**Q** 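Dropping the structure in here first, questions after.
Reminder, nothing fancy here: chain letters follow the sequence lines and each chain counts from 1. Note that the structure is predicted; figures quoted are calculated from it, not measured.
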2 protein chains.
Amino acid sequence: MPEGEKEITIYDIAARLNVSAATVSRGLKDHPRVSKATKKLIIKTAEEMGYRSNSFASNLRKKQSNVIGVIVPRLNSSFMADVLAGIEKVVNNNNYNLFISQSLESMQKEASNARAMLNSRVDGLLVSVAYDTANFDHFEPFIKRNIPVIFFDRVFDHESCPQIYIDNYKAAYDITGHLIKQGCKRIVHITGNQLRNVYSERFRGYKRALEENNREFDNGLVIINDLSSKAGTEAAAEILKMSPLPDGLFVANDICAVSCMQALKKEGINIPNDIAVAGFNNDPTSCVIEPNLTTVNYKGYEMGEVAAKLMINHLVDKYDLQETHSLILRSELIIRESSLRNGDGNVD
Amino acid sequence: MPEGEKEITIYDIAARLNVSAATVSRGLKDHPRVSKATKKLIIKTAEEMGYRSNSFASNLRKKQSNVIGVIVPRLNSSFMADVLAGIEKVVNNNNYNLFISQSLESMQKEASNARAMLNSRVDGLLVSVAYDTANFDHFEPFIKRNIPVIFFDRVFDHESCPQIYIDNYKAAYDITGHLIKQGCKRIVHITGNQLRNVYSERFRGYKRALEENNREFDNGLVIINDLSSKAGTEAAAEILKMSPLPDGLFVANDICAVSCMQALKKEGINIPNDIAVAGFNNDPTSCVIEPNLTTVNYKGYEMGEVAAKLMINHLVDKYDLQETHSLILRSELIIRESSLRNGDGNVD
DNA sequence: CTGAAAGCGCTAACAC
DNA sequence: GTGTTAGCGCTTTCAG
C-alpha cells in the first residue's frame with residue numbers, strides 16, 4: 001500500500017525458493033510435516049524479503065481473528081486500568097490481540113461498541129457493564145453465534161455467560177460489622193445504581209450486618225448517587241444536615257469516600273471519632289488521605305488475568321465455559337485509621 | 001462458525017433479492033449510484049437475515065484495517081488511562097478500532113508489540129516509548145511502508161514521526177523558579193531515565209532556573225531512579241542523610257513525590273517549612289496528600305484526543321503529517337500548600 | 001443504476 | 001515431505 005515496493009506474499013517467497021505457496025505457509029507456522037531444512041530456509045528468506053503475514057487473508061480463511069474484545073465503563077479509573085493491565089498481559093502472552101472500548105457508563109454506547117466488536121469479529125468478549133445497562137439484547141448476537149461473552153466485576157446474569165467477581169455481599173457485611181464493633185450506632189451508606197450487582201450486593205451486606213447486630217435499618221441513612229468525587233462532596237453536605245449526626249459511614253467506593261472525608265474534615269468533623277469511615281476498592285488515594293481509609297482490597301490486575309485466562313482457555317483448548325459459571329475472587333478487609341476509634345488497635 | 005446456521009453473506013442477500021452481490025455491497029455502503037429504493041430494501045433485508053459484514057474480506061480487499069494501534073509503557077497509570085480514554089473516544093467516534101498493548105517499560109516488549117501491530121496491519125500507530133527504548137529499529141518497518149507513527153508524551157525524535165508533548169522544560173523551569181521564590185536555597189531534584197525527553201527536559205528546566213537565579217547546580221542534589229512509589233520512599237531516606245538538609249524538592253512525577261512526602265513527614269520533617277515540595281502530573285493523589293502538592297497539570301485526556309485526531313485526519317483526509325511535526329500542548333503550574341511558605345499566599 | 005468477473009493472500013483437504 | 005486446488009467474502013473495475 002505504500003509508494004515504493006509491493007508487499008511481499010508467500011507466493012513471492014515460494015517463487016524465490018522454487019517451492020509451493022503451501023509449503024511456505026506451512027514452513028512459517030510450525031507445521032510438523034515439513035523438513036527442518038526447508039523450514040529454516042523459508043523463515044530466513046521471509047525475513048530477508050521483509051515479509052509480513054497478512055492477517056486478513058489468514059483470518060478470512062480460518063474464520064477467526066485472534067482478537068479479544070473488551071468493553072468497560074471507563075478506561076480512566078484506577079481499578080479498570082489495573083484490570084486492563086492484567087488482561088493485556090495474558091492476552092498478549094497468548095498471541096491474541098486486544099480491542100478495547102469504553103461505554104462511558106451508557107448502555108447505548110455499550111450496545112454500539114458491542115456491535116462494532118461483532119463486526120470486527122472478535123473471538124470473544126470481556127465485559128464489565130455500564131451504570132445503566134438494563135438488558136442483554138446487544139449481547140444476544142454473540143450468544144447466537146457461540147462467541148463467548150464473559151462478565152467481570154459488574155456482571156450481568158445470563159446462563160451462557162460466566163461471571164467473575166468478588167463476594168461483594170460478604171465484604172460489605174464484614175466492613176459494616178467492623179464499624180459496628182467500633183461502636184457506630186448510626187451508619188450512613190452511600191451507594192450507586194442498584195441495577196449493578198456490585199452496589200446492590202454491598203447494600204445487601206450492609207443491611208444484613210445491621211440486622212444481625214439488632215440495629216434497625218433506616219432508609220434515611222442511605223444515599224444513592226453516582227459515587228463520583230463530586231457526589232462525595234455533595235453527600236457530605238447531606239450528612240452534615242442529618243440530626244443526630246451519624247457516627248459511621250460506609251461508602252461503596254473509595255473515590256467518593258475520600259472526597260466525602262475531605263469535605264467532612266473541612267467542616268471540623270473528626271474522623272474517626274465523630275464519624276468512622278470505610279470505603280471500597282483500595283484506591284491509591286485511600287492510603288494517602290489522612291486518616292488512611294479503611295477499605296476492601298481486591299486486585300483488579302488479578303481479576304483481569306483471571307478473566308482473560310478463562311477466555312483464552314476456552315478459545316484455545318475448547319475448554320467448556322459452561323463448567324465454570326461463576327468465579328469468585330478473594331477480597332480482604334483493610335482496616336486503617338479512618339475507622340479505628342480511641343487508639344483501639346484491635347483489628348478484629 | 002457456530003453450530004446452527006451459517007453466517008449470512010452478501011450473496012445470500014443478493015439471492016434473496018434477485019440482485020447481484022455487487023449491488024448489495026454497494027447498497028450496504030452509501031454508494032451514490034444505487035437507487036434509494038434498492039438501497040433501503042437491501043439494508044432492511046440484511047437486518048432481517050442477521051447479516052454482519054465480514055471485515056476480514058473487506059480488509060483484505062481494501063488493504064486497510066480501520067484499526068489504530070497504541071503502545072504505551074503501562075496501562076495502569078492514572079495519566080496513561082486518561083490518555084487512552086481520550087484516544088478511545090476520538091477513534092471510536094470515527095469508526096476506527098483500537099488495538100492496545102503495553103510495553104511494561106521494556107524496549108524488548110515494545111519491539112515485540114510493534115511487530116504484532118505490524119502483522120495485524122494497523123493503519124497507524126500511536127506510541128509513548130518505554131523507559132529504556134534506545135533506538136528506532138522496531139518502528140522502521142512502519143516508516144518503510146508509510147504507516148504513520150505518532151509519538152506522544154514520551155517521544156522519540158524521528159523526522160517522519162510527529163510528536164505531541166508539553167513543554168517539559170518550561171514547566172520545570174517555572175516550578176523550580178517558584179521554589180526559589182519561596183526561599184529555597186538547596187533544591188533536590190528527583191528524576192528518571194535521561195533517555196526520555198520528559199525527564200531530561202524537566203531536568204534541563206530545573207538546571208536553567210538555578211542558573212538564572214545564581215544558584216550553583218549541585219549534582220549531589222540530583223537523584224535518578226524509576227520514579228515509582230517505592231523509589232520515593234527510598235529517596236526520602238537519601239534526602240534525610242544529606243547535610244545540610246535541603247530545603248526544596250522537585251520530583252519529576254507525583255507518585256514518587258507523594259510517597260517521598262509521606263516518608264519525610266513520618267520522620268518529622270515539616271512540609272513546606274523545612275522542605276518545600278513540588279511534583280509533576282497532577283495525579284489524583286496530589287490533592288489528597290497533606291499538604292496538597294504543588295504540581296504541573298497537563299491533561300492526558302486532551303493529549304490522547306489530539307494524538308488520535310491527528311492520526312485520523314491523516315488517515316481519512318490524507319492530511320499531510322509532515323506539516324505538523326511537533327504539537328506542544330498547554331500545561332499549567334498548580335501551586336498548593338506543599339510549597340507555600342509561612343502562610344504566604346502569593347501565587348507567583 | 002446494475003451485473004459479471006477477477007482477485008486480495010492465505011489455508012487445508014486431498015493427492016502423491 | 002511437498003504440490004494442487006479451491007475458496008473464504010468482499011470490492012471494484014469494466015461493461016452495459
Side-chain angles (χ1 to χ4, degrees), chain A residues 1-2 5-43 45-46 49-67 95 118-123 145, chain B residues 1-2 5-43 45-46 49-67 95 118-123 145:
Chain A
M1 49 262 270
E5 315 107 73
K6 287 266 305 162
E7 199 65 69
I8 303 293
T9 73
I10 52 171
Y11 285 98
D12 301 320
I13 301 177
R16 170 91 81 101
L17 256 35
N18 270 325
V19 294
S20 77
T23 303
V24 175
S25 174
R26 292 191 191 105
L28 258 13
K29 320 269 162 275
D30 230 10
H31 194 100
R33 285 208 305 258
V34 72
S35 79
K36 294 270 176 229
T38 39
K39 196 178 294 183
K40 194 167 273 177
L41 190 59
I42 287 166
I43 290 173
T45 317
M49 297 178 77
Y51 168 79
R52 62 167 171 162
S53 84
N54 188 323
S55 58
F56 306 148
S58 158
N59 290 345
L60 175 59
R61 189 52 231 251
K62 294 194 301 190
K63 290 175 188 297
Q64 58 145 358
S65 61
N66 263 61
V67 171
N95 292 313
L118 189 72
N119 281 326
S120 39
R121 307 210 162 207
V122 296
D123 290 343
R145 291 176 171 84
Chain B
M1 47 262 270
E5 315 105 76
K6 286 267 303 167
E7 202 59 74
I8 303 292
T9 74
I10 53 171
Y11 286 99
D12 300 321
I13 301 177
R16 169 91 81 104
L17 255 34
N18 269 325
V19 293
S20 75
T23 303
V24 175
S25 174
R26 291 192 189 103
L28 257 13
K29 320 270 159 271
D30 229 8
H31 194 100
R33 286 207 304 256
V34 73
S35 77
K36 295 271 175 226
T38 39
K39 196 177 296 183
K40 194 167 274 178
L41 190 60
I42 286 167
I43 290 174
T45 316
M49 300 179 74
Y51 168 79
R52 63 166 171 164
S53 85
N54 186 322
S55 59
F56 306 148
S58 155
N59 290 344
L60 175 59
R61 190 54 231 250
K62 293 195 301 188
K63 289 174 189 296
Q64 56 144 0
S65 60
N66 263 60
V67 170
N95 293 313
L118 189 73
N119 282 326
S120 40
R121 307 212 162 203
V122 296
D123 289 343
R145 292 174 170 86

**Q** Starting at the 5' end of DNA chain D, which residue's closest nucleotide do you reach first, B:Ala22 or B:Leu60?
**A** B:Leu60
**Q** Here's a test of your reading of the structure: between A:Ala57 and B:Pro32, which maps to the more 5' nucleotide of DNA chain C?
**A** B:Pro32
**Q** Looking at B:Ser53, I'd like to know whether one of its side-chain N or O atoms comes within less than 4.0 Å of OP1 or OP2 on D:dC10.
**A** no
**Q** In whole Å, what is the span from the CZ atom of A:Arg26 to the P atom of C:dA13?
**A** 11 Å
**Q** Taking 4.0 Å as the cut-off, does a side-chain nitrogen or oxygen of A:Ser55 come that near to OP1 or OP2 on C:dC10?
**A** no
**Q** Ignoring hydrogens and angles, are the base of D:dG9 and the side chain of B:Arg52 linked by a donor-acceptor pair under 3.5 Å?
**A** no
**Q** Rounded to whole Å, how long is the line connecting atom CD of B:Glu7 with atom C1' of D:dG7?
**A** 17 Å
**Q** Would you tell me if any nitrogen or oxygen in the side chain of A:Tyr11 comes within less than 4.0 Å of OP1 or OP2 on C:dG7?
**A** no
**Q** Side-chain N or O of A:Lys63 versus OP1/OP2 of D:dG9: is the shortest distance under 4.0 Å?
**A** yes
**Q** Could you walk me through whether B:Asn54 and A:Arg121 pass the side chain to side chain contact (heavy atoms under 4.5 Å, CB included) test, one step at a time?
**A** CA-CA 8 Å; B:Asn54 186 322; A:Arg121 307 210 162 207; 3.6 Å; yes
**Q** Tell me the interatomic distance from B:Phe56, atom CZ, to C:dC10, atom C1', rounded to whole angstroms.
**A** 13 Å
**Q** Think A:Ser20 has a side-chain N or O under 4.0 angstrom from the OP1 or OP2 of D:dT4?
**A** no
**Q** Below the 4.0 Å mark, does D:dT2 have OP1 or OP2 next to a side-chain nitrogen or oxygen of A:Ser35?
**A** yes
**Q** To the nearest Å, give me how far apart CD (A:Gln64) and P (D:dC8) are.
**A** 17 Å
**Q** Below 3.5 Å, does any donor atom in the side chain of B:Arg33 face an acceptor in the base of D:dT13, or the other way round?
**A** no
**Q** Provide, to the nearest angstrom, the distance between the NZ atom belonging to B:Lys62 and the C1' atom belonging to D:dT12.
**A** 12 Å
**Q** Using a 4.5 Å cut-off on heavy atoms from C-beta on, say whether the side chain of A:Arg145 contacts that of B:Glu7.
**A** yes
**Q** So, do A:Gln64 and A:Asn59 sit near enough that their side-chain heavy atoms are less than 4.5 Å apart?
**A** no
**Q** Test side-chain hydrogen bond (donor to acceptor under 3.5 Å, both in side chains) on A:Asp123 and A:Ser65 and set out the steps.
**A** CA-CA 6 Å; A:Asp123 290 343; A:Ser65 61; 3.2 Å; yes
**Q** To the nearest angstrom, how far is B:His31 atom NE2 from D:dC10 atom P?
**A** 17 Å
**Q** For the pair made of CD1 in A:Ile10 and P in C:dC10, what is the distance, rounded to whole Å?
**A** 5 Å
**Q** Rounded to whole angstroms, how far apart are CZ on A:Arg121 and P on D:dC8?
**A** 13 Å
**Q** Whether A:Asp30 and A:Lys39 form a salt bridge (side-chain N of Lys/Arg under 4.0 Å from carboxylate O of Asp/Glu) is what I want to check.
**A** yes
**Q** Heavy atoms under 4.0 Å, any strand shown: does A:Ser25 hit a base, just sugar-phosphate, or nothing?
**A** base
